[in-house]
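These notes concern the structure reproduced below.
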Amino acid sequence: MAISEFIATVWKMLHPDSSPGPRSPVVLEAPKGTGFAELVEAVGCRAGQPRQLISGGLTVSAITERTGLPLVEPFGEELRDMHGWPYWSHWIGCGQVHRAGQTHSVVVVAERVDPAAAGIPDSASWTEKLRLLTGWEPIPRPAVDWPATEAALGTPLPSDYKEVVDLFGPGSFDWYLELLVPGVLGMDLVGLLTDVRFGFPTSRIAAHCFLSQAPHRP
């Protein structure tokens with residue numbers, strides 16, 4: 001099976017299911033000959049930037065229900081690496097498992113608890129409500145140089161747009177609304193909005209988002 005067919009099979013498992021009750025995580029072994037980096041890239045092309053949970057058998061960041069605990073629960077000390085993505089009502093994980101002297105690359109699909117089940121405080125800011133609704137936990141990344149960005153564009157940017165970018169980083173919501181982020185290859189706000197091929201005047205740069213066919217997170 002080609003990697004593209006394998007990823008398509010994984011995505012079919014993400015559609016809502018009418019089956020009653022919770023389901024156990026599903027572990028699928030990657031097609032023979034698929035490298036781990038290739039597998040992570042293939043999933044990332046659809047699901048966006050992953051959170052690294054395990055590296056070299058060691059925990060990289062706190063693993064909770066909100067950050068991907070269901071992805072690591074099927075494994076013990078045999079788990080060497082795990083990258084995870086929140087995706088609608090599921091978690092998707094790419095892992096490396098060491099068994100019987102061999103390392104296997106796998107994909108894990110697990111159910112995800114509704115991050116907003118506990119409710120959203122009325123006092124929360126718009127950006128915080130968005131974070132709670134999506135269940136997003138920030139991933140460390142280089143900060144955007146907003147003064148330099150606004151200088152390059154010749155206009156200030158809305159504060160809520162900058163808050164969303166600082167919190168979420170590059171990606172899209174529900175495989176639908178893609179967020180342009182300064183300095184990110186393929187989604188660079190400055191580069192795209194100053195490219196004459198797009199024909200956007202600088203007065204229209206404020207929080208402009210593209211409808212994309214490339215799904216991402218959160």
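Because the structure is predicted, anything quoted here is derived from the model rather than measured. Throughout, residue positions are numbered sequentially from 1 according to the sequence presented.
- Taken to the nearest 0.5 Å, the CH2 atom of W136 stands 8.5 Å off from the CG atom of L167.
- Nearest heavy-atom pair, C94 versus V43, reported as atom, atom and distance to 0.1 Å: SG-CG2, 3.5 Å.
- A single hydrophobic cluster is seen to contain both W146 and L180, as judged by linkage of ILVMFWY side chains at heavy-atom distances under 4.5 Å, directly or through other members.
- V40 and L58 end up in different hydrophobic clusters when Ile, Leu, Val, Met, Phe, Trp and Tyr side chains are linked at under 4.5 Å.
- In summary, R99 and E29 do not engage in a salt bridge, as defined by a charged side-chain N under 4.0 Å from a carboxylate O.
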* To do: Quick one: do V27 and V97 satisfy side-chain contact (heavy atoms from CB on, under 4.5 Å)? Show the steps, please.
  => CA-CA 11 Å; V27 181; V97 182; over 6 Å; no

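- Residues A124 and K129 approach most closely at O-CE, 3.2 Å, considering heavy atoms.
- In this structure, CG on D81 lies 11.5 Å from CG on L39, to the nearest 0.5 angstrom.
- Considering only heavy atoms from C-beta on, M82 stays 4.5 Å or farther from I63 through its side chain.
- Separating the CD1 atom in I120 from the CG atom in L133 is a distance of 5.0 Å, to the nearest 0.5 Å.
- Other residues, nucleotides and ligands place more than 12 heavy atoms under 6.0 Å from the CD atom of E128.
- Using a 4.5 Å cut-off between side-chain heavy atoms of Ile, Leu, Val, Met, Phe, Trp and Tyr, with links allowed through other members, L153 and V164 fall into the same hydrophobic cluster.
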* To do: Evaluate the criterion side-chain contact (heavy atoms from CB on, under 4.5 Å) for residue pair T127 and Y161; output intermediate values, then yes/no.
  => CA-CA 9 Å; T127 306; Y161 161 73; over 6 Å; no

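- For the side chain to side chain contact (heavy atoms under 4.5 Å, CB included) criterion with P25, the lone passing option out of V108, V72, V109, L71 is V108.
- A distance of 9.5 Å separates CD of E78 from NE2 of H104, quoted to the nearest 0.5 Å.
- Pairing each heavy atom of P121 with each of G119, the nearest pair is CD-O, 4.1 Å.
- Nearest heavy atom pair, residue A30 against residue F6, reads CA-CZ, 3.9 Å.
- When the ring-ring contact (aromatic ring centres under 6.0 Å, His included) test is applied to F75, no partner is found at least two apart in sequence or on another chain.
- V107 and L14 fall within a single hydrophobic cluster, where Ile, Leu, Val, Met, Phe, Trp and Tyr side chains are chained together by heavy-atom contacts under 4.5 Å.
- One hydrophobic cluster holds both W85 and V26 under the rule that ILVMFWY side chains link at heavy-atom gaps under 4.5 Å.
- Taking all atoms of both residues into account, the shortest heavy-atom contact from R112 to Y87 is NH1-N, 4.3 Å.
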* To do: Test side-chain contact (heavy atoms from CB on, under 4.5 Å) on V181 and D188 and set out the steps.
  => CA-CA 5 Å; V181 176; D188 180 17; over 6 Å; no

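- Summarising the geometry of I3 relative to A42, their closest heavy-atom pair is CG1-CB, 4.0 Å, with the distance given to 0.1 Å.
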* Working for side-chain contact (heavy atoms from CB on, under 4.5 Å), residues S105 and T34 -> CA-CA 8 Å; S105 294; T34 303; 5.9 Å; no

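- Separation of atoms CD (E111) and OG (S24) is listed at 8.5 Å; rounding is to 0.5 Å.
- Distance CG/L189 to CD/E150: 10.0 Å, rounded to 0.5 Å.
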